[in-house]
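Here's the structure we're looking at; comments come further down.
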Amino acid sequence: MDIRLLAIAAVLPLAACSSSEAPVESTPPPPAEMTCKADAAQSYVGQAATPDLGGAILKATGARTLRWGPPRSAMTMDYRVDRVNVMYDDAYKITQVTCG
């Protein structure tokens with residue numbers, strides 16, 4: 001068998017995979033700036049934790065997500081600029097409002 005024929009047979013499948021077009025890189029859009037401002041929600045400390053109050057805290061802080069912190073529960077330590085944390089006690093009274 002001719003060596004040239006073997007070389008063509010080896011390169012031909014690779015040539016079929018090549019493309020003349022440049023690859024298109026898609027970059028995700030930058031995230032919306034929604035940073036939490038906990039100072040705006042400190043007036044809610046001492047009030048009863050309710051879903052309606054949670055919505056008001058979200059709106060007041062400008063956060064994207066709300067995380068409730070029940071008493072004696074473990075929480076992750078990851079920091080997110082768009083999240084507000086609302087901790088409450090056994091009587092469902094808000095004890096702390098923080099960002100992260």
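Along the sequence shown, residues carry numbers from 1.
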Please check if the side chain of Thr61 supplies one atom and the backbone of Ala41 the other of a donor-acceptor pair under 3.5 Å.
no

Apply salt bridge (Lys or Arg N to Asp or Glu O under 4.0 Å) to residues Arg83 and Asp78 and explain how you reach the verdict. CA-CA 10 Å; Arg83 178 173 61 198; Asp78 61 321; 3.4 Å; yes

Does the side chain of Gln47 reach to within under 4.5 Å of the side chain of Lys93, using non-hydrogen atoms? no

Here the gap from Gln42 atom CD to Lys37 atom NZ, rounded to the nearest 0.5 Å, amounts to 14.0 Å

Tracing side-chain contacts under 4.5 Å among Ile, Leu, Val, Met, Phe, Trp and Tyr outward from Leu66 reaches Tyr44, Val45, Leu53, Ile57, Leu58, Trp68, Val84, Val86, Tyr88, Tyr92, Ile94, Val97

ask   = Can Arg80 and Asp82 be counted as an ion pair, charged N to O under 4.0 angstrom?
value = yes

Shortest non-hydrogen pair, Ala40 vs Ala60, comes out as CB-O, 3.3 Å

